[in-house]
Amino acid sequence: MADKDENAVPTLLEWAGGTEALERLTTRFYERVLEDPLLRPLFEHMSVEHPRRVAHFLAEVLGGPPSYSEERGGHSTMVSQHLNRGIKEEQRQQWLRLLLATADEVGLPTDPEFRSAFVSYLEWGSRLAVINSAPGAAGVEPGSPMPKWGWGEVKGPYRG
């Protein structure tokens with residue numbers, strides 16, 4: 001087996017420290033969510049598996065293996081978790097603030113390139129969650145491709 005090209009650009013997942021780093025992030029983050037009066041109502045009934053599932057979803061989006069898709073069914077499954085939840089913009093903003101503070105706490109990379117790409121996905125994904133949490137939102141078709149995020153791609157407008 002050939003050695004990996006040392007000049008190859010790592011995936012965002014590799015740069016973040018792998019799936020294990022995202023599991024540390026989501027485990028600590030959801031502990032903090034349950035202490036937050038604005039976010040707790042959205043998550044107080046989550047499964048104990050929720051942090052791991054979110055970590056695997058993020059890992060797949062950030063260039064990792066298709067674990068979430070294989071275990072849970074992919075993007076449409078994640079979107080369906082938000083249907084009819086009525087997420088408010090202030091909750092989305094708090095979710096993002098708390099997640100980024102937790103990323104610092106658990107030691108995710110702080111370099112501007114990584115954080116720019118990571119925040120870009122989190123902004124996009126959290127805004128999509130708000131859209132899909134509105135009454136009557138249809139979500140996405142089963143089998144819709146997983147988002148794939150890299151070091152700066154623009155994905156185009158969301159047309160729900």
Side-chain angles (χ1 to χ4, degrees), residues 11-13 16 19-106 108 114-160:
T11 66
L12 292 172
L13 177 63
T19 302
E20 300 79 17
L22 296 181
E23 288 178 354
R24 281 193 318 275
L25 170 66
T26 57
T27 297
R28 179 64 184 127
F29 171 68
Y30 285 108
E31 290 170 355
R32 293 181 73 183
V33 159
L34 293 177
E35 298 166 357
D36 187 286
L38 188 58
L39 297 177
R40 182 181 175 88
L42 293 174
F43 295 98
E44 61 191 348
H45 300 295
M46 72 179 157
S47 158
V48 296
E49 288 294 313
H50 186 76
R52 186 186 67 79
R53 289 175 183 160
V54 172
H56 287 206
F57 179 84
L58 287 172
E60 187 171 340
V61 168
L62 300 180
S67 302
Y68 185 86
S69 290
E70 291 171 356
E71 293 173 15
R72 304 287 299 161
H75 190 226
S76 62
T77 300
M78 180 59 80
V79 169
S80 73
Q81 301 304 304
H82 300 92
L83 296 177
N84 296 308
R85 297 283 177 143
I87 302 169
K88 296 175 179 58
E89 178 59 19
E90 64 185 0
Q91 291 170 312
R92 185 197 73 79
Q93 290 176 14
Q94 178 62 4
W95 182 91
L96 186 59
R97 278 191 296 271
L98 190 59
L99 185 59
L100 292 174
T102 307
D104 290 336
E105 179 184 328
V106 300
L108 257 60
F114 174 77
R115 281 300 170 97
S116 174
F118 190 53
V119 169
S120 174
Y121 173 70
L122 296 174
E123 279 284 346
W124 181 83
S126 65
R127 289 173 187 274
L128 185 63
V130 170
I131 290 167
N132 284 300
S133 76
V140 297
E141 292 291 321
S144 294
M146 282 289 277
K148 297 293 182 190
W149 225 259
W151 291 97
E153 299 89 332
V154 176
K155 300 298 181 191
Y158 174 72
R159 301 186 197 279

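These numbers come from the heavy atoms of this one structure, side chains and all, not from hydrogens, waters or symmetry mates.
- Here CG of L108 is found 6.5 Å from CG of L22. Values are rounded to the nearest 0.5 Å.
- Taking CG of L98 as the reference point, atom CZ of R28 lies at 8.5 Å (rounded to 0.5 Å).
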Using side-chain contact (heavy atoms from CB on, under 4.5 Å), reason through F118 and L62 one step at a time and then give a plain yes or no. CA-CA 8 Å; F118 190 53; L62 300 180; 4.2 Å; yes

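- No side-chain donor from either of E90 and Q94 sits under 3.5 Å from a side-chain acceptor of the other.
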Kindly indicate, with the supporting measurements, whether the criterion side-chain contact (heavy atoms from CB on, under 4.5 Å) is fulfilled by V130 and Q91. CA-CA 9 Å; V130 170; Q91 291 170 312; over 6 Å; no

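- Of all heavy-atom pairs between T26 and A55, the closest is OG1-CB, 3.4 Å.
- Only one option out of E71, E20, E23 pairs with R52 in a salt bridge (Lys or Arg N to Asp or Glu O under 4.0 Å); it is E71.
- Contact detail for G150 and A117: the closest heavy-atom pair is O-CB, 3.4 Å.
- If you take CZ on F114 and CG on L12, they are separated by 6.0 Å, rounding to the nearest 0.5 Å.
- With rounding to the nearest 0.5 Å, the separation of OH in Y30 from NE2 in H50 is 3.5 Å.
- Counting all heavy atoms, side chain and backbone alike, L25 lies closest to V106 at CA-CG2, 3.9 Å.
- The shortest side-chain heavy-atom distance between F29 and V54 does not fall under the 4.5 Å cut-off.
- Residues R127 and E123 are paired through a salt bridge, judged by an N-O separation under 4.0 Å between the basic side chain and the carboxylate.
- Side-chain atoms of W95 and L122, non-hydrogen and from C-beta on, do get closer than 4.5 Å to each other.
- In summary, E35 and R32 do not engage in a salt bridge, as defined by a charged side-chain N under 4.0 Å from a carboxylate O.
- Relative ring orientation between W124 and Y121 is described as tilted, the plane-to-plane angle lying within the 30° to 60° band.
- When every heavy atom of S67 is checked against every heavy atom of E60, the shortest pair comes out as N-OE1, 3.7 Å.
- Residues K88 and L38 form no side-chain contact, since every pair of their non-hydrogen atoms from C-beta on lies 4.5 Å or further apart.
- Counted by atom type alone, S126 and R92 present one or more donor-acceptor pairs between their side chains at under 3.5 Å.
- Expressed to the nearest 0.5 Å, how far NE2 of H56 lies from CD of E49 amounts to 9.0 Å.
- Look at E44 and R40 and you find a salt bridge, because one of the NZ, NE, NH1 or NH2 atoms lies within 4.0 Å of a carboxylate O, short of that distance.
- Taking every heavy atom of both residues into account, A21 and A16 meet most closely at CB-O, 3.3 Å.
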